[in-house]
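Before any comments, here is the structure.
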Protein chains: 4
Amino acid sequence: MRADAQRNRDQIVAAARVLFTANGVDTPMEEIARAAGVGVGTLYRRFPDRDALVNAVSTDMFQRLAEAITAANASEKSAWAVLQRFLRSWSEFRLGLLQDPMCHGIPAAIEADPELREVRQRWLDLFEDVIQRAQDDGDLRKDVGLLEIATFMNMFIRDERSEVTDRILDVMLDGLRA
Amino acid sequence: MRADAQRNRDQIVAAARVLFTANGVDTPMEEIARAAGVGVGTLYRRFPDRDALVNAVSTDMFQRLAEAITAANASEKSAWAVLQRFLRSWSEFRLGLLQDPMCHGIPAAIEADPELREVRQRWLDLFEDVIQRAQDDGDLRKDVGLLEIATFMNMFIRDERSEVTDRILDVMLDGLRA
Amino acid sequence: MRADAQRNRDQIVAAARVLFTANGVDTPMEEIARAAGVGVGTLYRRFPDRDALVNAVSTDMFQRLAEAITAANASEKSAWAVLQRFLRSWSEFRLGLLQDPMCHGIPAAIEADPELREVRQRWLDLFEDVIQRAQDDGDLRKDVGLLEIATFMNMFIRDERSEVTDRILDVMLDGLRA
Amino acid sequence: MRADAQRNRDQIVAAARVLFTANGVDTPMEEIARAAGVGVGTLYRRFPDRDALVNAVSTDMFQRLAEAITAANASEKSAWAVLQRFLRSWSEFRLGLLQDPMCHGIPAAIEADPELREVRQRWLDLFEDVIQRAQDDGDLRKDVGLLEIATFMNMFIRDERSEVTDRILDVMLDGLRA
DNA sequence: AATGAATGAGACTTCATTCAT
DNA sequence: TATGAATGAAGTCTCATTCAT
């Protein structure tokens with residue numbers, strides 16, 4: 001891919017990530033294009049329809065989440081500390097998982113996009129591992145799992161970040177403690 | 001207001017509540033009218049624009065929430081038990097507070113609609129009272145307040161109800177415990 | 001249907017018939033709406049998409065063709081005379097059969113629209129009957145049938161009418177003579 | 001012109017001829033470029049706009065038609081036999097004369113393109129000559145001329161070739177007989 | 001007062017054409 | 001020179017809102 005095309009692609013995904021998180025996946029394509037500094041046509045050349053763009057943003061997000069866990073694994077000792085740090089990173093990133101692609105079954109969109117599927121799976125594996133270890137250590141309550149935590153984060157992330165939401169995350173972490 | 005007009009109004013609000021909660025506040029007006037068994041014209045006669053309808057649904061919801069607290073107050077002994085029951089009722093009602101009308105400041109829409117303002121205030125007073133009492137009893141942690149709890153419920157309510165979401169509410173309640 | 005709605009519907013179909021015949025079935029919907037003196041929205045309320053409009057125009061055309069045969073049957077003695085008169089009427093009406101709906105198999109669109117299907121069948125029956133009789137009388141050559149004649153008329157009709165096209169029809173009629 | 005440039009040009013015209021005949025002159029330029037194995041840029045370097053490409057394809061077609069007459073002249077004895085053979089060749093070539101460039105007056109496009117004009121004129125002369133001779137021989141009816149025959153072929157050619165269309169051509173030839 | 005028809009602005013998408021690489 | 005990326009105008013369709021019946 002040509003250098004300028006790649007740069008445009010990146011700008012489009014970045015703009016879409018911000019706008020999708022802020023205003024929902026229904027944000028007008030024209031607005032996304034404008035925010036990315038390109039014409040609509042360019043956007044559509046790269047992403048044939050809205051779903052393709054949503055998938056690209058999701059892929060990007062899963063990648064960032066996987067990186068966040070990896071980073072936390074490297075710097076924290078206990079699994080519980082990793083989990084805490086990861087969830088706080090997640091909160092800071094405002095990485096809303098569009099259309100709940102991981103919580104409520106596996107939609108066709110994910111099946112159809114191998115790259116999305118793979119990066120999502122990599123993140124799930126890392127996440128599952130942390131949860132398992134934290135439960136084995138007796139730090140994380142045993143009646144919750146990836147599904148509960150991810151679902152919570154997903155609803156949580158949709159609100160603007162504020163002191164209030166930070167406190168909610170604290171409460172949730174206390175509740176999760178075994 | 002004539003009896004049939006009142007019946008129409010009620011049906012419209014009921015239909016809107018269901019559809020707003022299920023499909024978001026962007027649900028086409030025509031669809032709401034159809035679900036209510038009336039023509040669009042009738043809907044617009046009653047509610048000059050979408051905001052007016054949203055306000056009416058919000059008013060209805062605040063009323064139900066106030067009733068839920070009142071009922072819990074009547075049947076539970078401790079404030080903490082009232083709070084628990086109330087939050088579970090809220091979860092059962094799926095009463096999403098559209099457009100966060102109560103959590104993030106006081107939007108102009110609420111100011112402009114005296115009835116909405118009043119019923120919202122009545123509910124806030126009841127809620128604040130329960131929280132205060134639960135904290136006085138030493139049952140509810142002191143670093144959270146109405147804002148945190150309502151914000152959480154509001155994000156929480158947007159997801160379909162399921163075993164997973166029920167468990168999330170449990171975790172949150174444990175986290176809230178002093 | 002309300003009187004004004006019916007009038008609009010008729011105007012839309014009439015405008016579409018003219019424009020489809022002149023400029024093809026790709027004529028912009030907006031242009032059709034303008035020619036009919038209505039807004040695009042009205043057009044789309046009546047006909048959910050282009051195909052629906054094409055079907056309506058086709059239905060209208062088949063109806064007119066059936067009437068033309070019926071009229072010719074009433075005023076002419078021999079089947080051959082009926083055929084001649086019918087083909088000349090067809091030429092005068094400029095009733096292009098959009099998308100060849102009757103010549104090349106039976107497209108799904110026709111199957112899916114009972115009214116279109118029925119009116120088309122009625123016309124086919126009348127037409128087949130004339131052809132059969134003309135052949136029995138020894139006036140029409142036996143190596144052609146409805147398919148050939150309709151296919152010819154269909155390609156023929158797409159051109160503007162002129163002295164040249166009139167002469168072409170004469171030649172074809174001579175060629176059809178047994 | 002460099003050899004590879006010439007090869008590109010030829011491939012583009014060939015691809016356009018096929019696609020124009022199959023899908024109409026509205027075929028997307030990108031599709032034509034792809035079929036020709038070049039980029040759109042190359043296509044536009046050779047042909048500044050769609051009209052230029054249409055003209056080039058038309059030129060190519062007139063050339064082929066002229067060759068077809070010349071070949072028929074060489075192998076058939078009577079002018080009528082030449083005419084028959086030529087019309088059947090035309091039918092086999094599927095050489096639709098795009099945009100009726102020769103039948104309905106002389107559009108500006110032809111005037112503006114000397115090469116197109118010349119090759120078209122050469123073909124017209126050959127064609128006119130055959131017609132004249134066939135009429136002189138008493139084989140071709142005298143109330144038709146080049147205009148009628150070309151117009152017919154032009155409408156005829158737009159349909160897919162099939163047994164049905166072959167039969168239509170037979171009928172027309174019989175009709176043309178004096 | 002109720003209905004549903006009409007309007008037109010705006011969102012989505014395609015593609016002819018231009019232009020940077 | 002060849003490529004294919006970018007642009008934006010134009011067409012399709014939807015829906016909030018108004019208004020005739």
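Lettering of chains follows the sequences in order, A, B, ..., and the numbering in each one begins at 1. These figures come from a predicted structure and were not determined experimentally.
- Computed from coordinates, the C/Glu30 CD to E/dG10 C1' distance equals 12 Å when rounded to whole Å.
- Rounded to whole Å, atom C1' of F/dA6 lies 10 Å from atom CD1 of A/Ile12.
- Between D/Asp49 and D/Met29 the shortest heavy-atom distance is C-CE, 4.2 Å.
- Of the charged side-chain nitrogens involved, at least one lies within less than 4.0 Å of a carboxylate oxygen, so that D/Arg64 and D/Asp60 count as a salt-bridged pair.
- Atom pair A/Asp49:CG and F/dT12:C1' shows a separation of 16 Å (rounding to whole Å applied).
- In this structure, CE of D/Met29 is placed 17 Å from C1' of F/dA5, rounded to the nearest angstrom.
- Mapping C/Gly37 and D/Pro28 onto DNA chain E by nearest heavy atom places C/Gly37 closer to the 5' end of the strand.
- Of the residues near DNA chain F, A/Arg2 and C/Tyr44, the one whose nearest nucleotide (by heavy atom distance) lies more toward the 5' end is A/Arg2.
- In summary, of the residues considered (D/Asn8, D/Asp10, D/Asp4), a side-chain hydrogen bond (donor to acceptor under 3.5 Å, both in side chains) with D/Gln6 occurs for D/Asp10 alone.
- Candidate nucleotides E/dA6, F/dG11, E/dC12 were compared by shortest atom distance to the side chain of C/Thr42, and E/dA6 ranks first.
- When each of C/Pro48 and B/Pro48 is assigned the nucleotide of DNA chain F with its nearest heavy atom, C/Pro48 is the one assigned upstream, toward the 5' end.
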task = With side chain to side chain contact (heavy atoms under 4.5 Å, CB included) as the test, would you mind laying out the steps for D/Arg9 and D/Val13 before giving the verdict?
result = CA-CA 6 Å; D/Arg9 208 204 108 101; D/Val13 172; 4.1 Å; yes
key: Derivation and outcome, side chain to side chain contact (heavy atoms under 4.5 Å, CB included), residues A/Thr21 and A/Met61   = CA-CA 11 Å; A/Thr21 304; A/Met61 286 180 167; 3.7 Å; yes
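- One atom, CD of C/Gln6, and another, P of E/dG4, lie 17 Å apart when rounded to the nearest Å.
- Taking every heavy atom of both residues into account, C/Ala35 and C/Ala15 meet most closely at CB-CB, 4.0 Å.
- Note on D/Asp4: nothing from the nucleic acid sits closer than 4.0 angstrom, heavy atoms only.
- Put simply, CD1 on D/Ile32 is 17 Å from C1' on F/dG4, counting in whole angstrom units.
- Across all strands, C/Val38 comes closer than 4.0 Å only to sugar-phosphate atoms, never to a base (heavy-atom distances).
- Between the CG atom of A/Asp26 and the C1' atom of F/dC15 there is a distance of 14 Å, given to the nearest Å.
- Distance from the side chain of A/Val40 is smallest for F/dA9 among the nucleotides F/dT12, F/dA9, E/dC12.
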Full working for side chain to side chain contact (heavy atoms under 4.5 Å, CB included) between C/Ile32 and C/Leu53 = CA-CA 10 Å; C/Ile32 296 169; C/Leu53 179 56; 4.0 Å; yes
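- Between D/Gly41 and A/Gly41, the residue anchored closer to the 5' end of DNA chain E is A/Gly41, taking for each the nucleotide with the nearest heavy atom.
- In this structure, A/Leu43 atom CG and E/dA11 atom P are separated by 14 Å, rounded to whole Å.
- Across all strands shown, B/Arg46 has heavy atoms under 4.0 Å from sugar-phosphate atoms exclusively, and none from any base.
- In secondary-structure terms, DNA chain E builds stems of at least 3 consecutive Watson-Crick or G-U pairs, each pair having both distances under 3.5 Å, at E:2-21 with F:2-21.
- Counting non-hydrogen atoms under 4.0 angstrom, B/Asn8 reaches the backbone sugars and phosphates but no base.
- Checking side-chain atoms of B/Arg120 against main-chain N and O of B/Ser58 turns up no donor-acceptor pair under 3.5 Å.
- Side chain of A/Arg45, nearest nucleotide from F/dG4, E/dA2, E/dA9: F/dG4.
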